[in-house]
Each structure stands twice: as structure tokens, then as C-alpha cells.
Amino acid sequence: MGHSDGMDSAGANAAGSDLKRALGQVAAPAVISAARIATRLTTRGVHIAWFDAWNSTLDEALNALPAIPGCARDLYRELTQPTSVQKRHALATENGRPTALISLRRRRRYWEPVAYQALPGVIAPASSPAALGRALHALGVEVRIEGALKAGVADLRPRTLWSQERWQVDLQSDYEAVWTSKHRNNVRRARKRCDEFMRLRIDDEGDLEWSCAQWGRMWESNDANETVAAEDRLRFWRAFIRWQTAGSPIQFHTLQLLDGDRRTAGNVLMCQDGVVLGQCIVRDPEYDHCAVGVRSMDSAIQWSASVGLRWFDLGGGSEYKRQWGESLSLGYGAIFRPKAVSALYRFGLL
């Protein structure tokens, strides 16, 4: 499946006429509401109960479902708590038993799982992947997960599925040898400029808060509106770091470059099965003349190699990531939505 349907609203509205946009303002809410009702009437075997706030019923359902691997149920509950962004919780049952519990956060005209941007690859707790797929199709609303999913998401039959190259660094190789000579020179210059007066700090709680806040500031004006996840990121990662031990299968770490006591750049890293995922990579633009962003990324890769991790996964999407690693894997994004809502996008009404 392609991603043409997923590149929807900006392209369609930019190309659409004023009349289409006006029709969309009138038609879209009615079509979305009708799609929700139609889904409820036509879906067999799966019952969806919606809740605007977390409650004891949802607590019981979460306890009845398998825990997300590597993430205790109490940690997952941190993602379900209220923030300044609207949330809704969908409890799916089959034959009276809970089969999936899908907590969603509002983003633009659609919804995303509360784990998105906080715990990569996770959609929601469910009794099985098949049950999760049935629940997603029974929701009657549009749900997007824009990246970090495994190929198995195709088995959930999303309306739209796309793949994206992920750039990775082999930490057990001479990874600098694959860098271009220009990039190697840039890294060496960044080391020289920053190491004269900066130091690296690992795992300070205040650094986590600064990195999350800086990420929000850096991207708050971006049309993608990804910063709706900012409060959940901080709350969840802070709880996770306090809970984790040296033997935890998933671990989060912070790395911070400091000019004296002033933070200049930071990383929030997720480590799992020997792979490091760069989750939150930020810098203070006032230090751009020192190439602090380059030095911060270099420091994160060096640290990951020094503690014996196998791969550094930079993810996909941004051009600068090509400079650091090789394209060795694919990540996937997916959209689940009723057919009627897809039609709104096709006709440029959303």
C-alpha cells in the first residue's frame, strides 16, 4: 500500500478550491459522525465503549490484558492521564471480555495512540495482534501512527501503510569509516570547538525536563503539531527512569552537553535489545556556532558504543541522519480510518 492517502490534508487543501474547503468545513463533521455510527452498526463481534477520562473500569481492563513487554502497567497508566490535550479511551470487548484498550490523544483532525512519541512501536495493550486489529477497525475514527512500527503492522490491515528508511550506526564496527570525508571533518571540528569548554553529563532528571521543554519550543510552530505529545513524553519518561534498573529490558537515558551549568544540547535515548533509539534530540540555537548539535549526536553514539550496545537507530525522515548511518532497515507508519473518512481526503474536503 502507498502513502498517498496519508499525505492528505496539507496537499489536498493547498490544491483544493475555496469551494472545496468551504464544503469540507460543513461536510466533514457530519461525515465523520456518520462514519462512527455506521461502524458501530456494521461491526460484528467487537463492542467499543468510549470514555473521556480514565476510571476504575479501564483499570480493571488494563489489568486483565497482557502488559506491554518491558513496560509495567503502572508505567503505561502514566500515558493515560489528563494533559492539556484531549484524550479518549476505547475499551474493546468480545463476548464480554476485554480484548484491547486503546487510549488516544487528539492531533489536528485525527487521533494518535498515547504511546506515540513516547514508547516507539506500541499502539495499545491487547489480548493479541488480531484482537488489536479488530478493535482499531471498530473504532469508527481516524487513528494514525506515523512511524517506528514493525512490518507486522500490515497484518492489522490499516487503510494506509507506508515504509520509511531508517538510518542506523553499527556500533561494533569502525562506523566513522562509512562517513563522508566532509562529515568526518565536521565532526572533528565540532569536537575541537565544544570539548574546549563543555562536558557531558549522563542521567540527570533536570536534563530530561530541559530536553522535553526544548523539544516543545523547537517544534511548537511546526504544522505537523507533533508537540501534542510533549506533556506525555516528560511524564512517562520521568516515571520510567525512576522505575528502571540495570536489568530492565527497556531503559531510557539522558545525555547533556554543558557549558558550565548551562545546558547546550541534549538527547533522550531508549535502549532495548542492544538497539539505541534517539527519541528526543535538541540543542540551544545560541550555540550553533560551535556545532553543538553535531557534537551532541557524536557524543550519544560514542556513549552507546562504550556501554556495549549494538546499533544506534536514528530513525527516518530528516536528511541529516543520512550523514551518520546507513540505511539498514525499514520502519512503518499506518492509518486506520473508515472508508467514508478516506473519501473526504480523496475529494479534498479534509
Side-chain angles (χ1 to χ4, degrees), residues 1-3 5-6 8 31-52 54-55 57-71 73 76-77 79-80 87-107 109-116 118-163 331-345:
M1 303 172 74
H3 190 191
D5 210 21
D8 39 40
V31 171
I32 292 170
S33 296
R36 189 179 303 121
I37 295 169
T39 301
R40 186 165 64 245
L41 294 174
T42 58
T43 300
R44 296 182 179 180
V46 183
H47 177 263
I48 301 292
W50 286 98
F51 301 86
D52 291 325
W54 193 262
N55 56 41
T57 298
L58 300 177
D59 263 331
E60 292 175 6
L62 183 61
N63 289 334
L65 293 169
I68 292 168
C71 178
R73 292 183 180 87
Y76 183 77
R77 284 184 177 92
L79 292 169
T80 69
K87 289 182 180 177
R88 298 195 74 196
H89 312 278
L91 174 57
T93 56
E94 298 183 35
N95 298 319
R97 296 185 177 182
T99 55
L101 179 50
I102 305 173
S103 294
L104 300 171
R105 179 174 54 229
R106 186 70 170 177
R107 180 172 164 198
R109 287 184 175 270
Y110 51 88
W111 300 86
E112 63 187 17
V114 292
Y116 180 68
L119 189 61
V122 172
I123 298 177
S127 59
S128 68
L132 176 60
R134 291 192 295 271
L136 287 165
H137 286 282
L139 294 179
V141 301
E142 179 176 2
V143 177
R144 299 192 190 194
I145 310 96
E146 295 193 350
L149 297 174
K150 303 295 186 182
V153 68
D155 296 336
L156 305 183
R157 298 181 297 107
R159 182 73 58 191
T160 303
L161 175 69
W162 65 95
S163 63
Y332 294 83
I335 299 175
F336 299 85
R337 63 161 76 107
K339 288 182 179 180
V341 179
S342 283
L344 289 173
Y345 284 113

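- Atom CD1 of I48 and atom NE2 of H137 lie 11.5 Å apart (nearest 0.5 Å).
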- Message: Evaluate S103 against L79 for side chain to side chain contact (heavy atoms under 4.5 Å, CB included), listing each step before the verdict.
- Response: CA-CA 8 Å; S103 294; L79 292 169; over 6 Å; no
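- By the 6.0 Å contact criterion, CG on N55 is enclosed, its count of non-hydrogen atoms from other residues, nucleotides or ligands being greater than 12.
- Using a 4.5 Å heavy-atom cutoff, the side chains of D155 and P129 are not in contact.
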- Task: For F51 and L101, run side chain to side chain contact (heavy atoms under 4.5 Å, CB included): C-alpha distance rounded to whole Å, both residues' side-chain angles, the deciding distance at 0.1 Å, then the answer.
- Result: CA-CA 11 Å; F51 301 86; L101 179 50; over 6 Å; no
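- Electrostatic pairing of R105 and E112 counts as a salt bridge here, judged by a charged N lying under 4.0 Å from a carboxylate O.
- Contact check for L156 versus F336: side-chain heavy atoms found under the 4.5 Å cut-off.
- In summary, of the residues considered (L62, I102, T99), a side-chain contact (heavy atoms from CB on, under 4.5 Å) with P125 occurs for L62 alone.
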- Test log, rule side chain to side chain contact (heavy atoms under 4.5 Å, CB included), inputs Y116 and R107: CA-CA 11 Å; Y116 180 68; R107 180 172 164 198; 3.7 Å; yes
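- Rounded to the nearest 0.5 Å, atoms OG1 (T80) and CG (D59) are 7.5 Å apart.
- Between L161 and G333, the shortest heavy-atom distance links the atoms CD1-O, 3.3 Å.
- Taking the side chain as every heavy atom from C-beta outward, V122 and P113 never approach each other to under 4.5 Å.
- Atom-to-atom distance recorded for W111:CH2 and K87:NZ is 11.0 Å, nearest 0.5 angstrom.
- The shortest distance between side-chain heavy atoms of R144 and R337 falls below 4.5 Å.
- Rounded to the nearest 0.5 angstrom, E142 CD and L104 CG are separated by 11.5 Å.
- In R97, the CZ atom is not crowded: 12 or fewer heavy atoms of neighbouring residues, nucleotides or ligands sit closer than 6.0 Å.
- Smallest separation of non-hydrogen atoms from L65 and R73: O-NH2, 2.7 Å.
- Contact annotation: the side chain of I335 never approaches that of P158 to less than 4.5 Å [non-hydrogen atoms, C-beta and beyond].
- When all heavy atoms of A334 and V153 are compared, the closest pair comes out as CB-CG2, 4.0 Å.
- Here the shortest heavy-atom pairing between V141 and W50 reads CG2-CH2, 4.0 Å.
- Across all non-hydrogen atoms, the minimal contact from N63 to R77 is OD1-NH2, 2.9 Å.
- In this structure, A148 and P120 approach most closely via the heavy-atom pair CB-CB, 4.0 Å.
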- Message: Checking Y76 against V114 for the side chain to side chain contact (heavy atoms under 4.5 Å, CB included) test, could you report, in this order, the C-alpha distance in whole Å, the side-chain angles of both residues, the deciding distance, and whether it holds?
- Response: CA-CA 9 Å; Y76 183 77; V114 292; 3.9 Å; yes
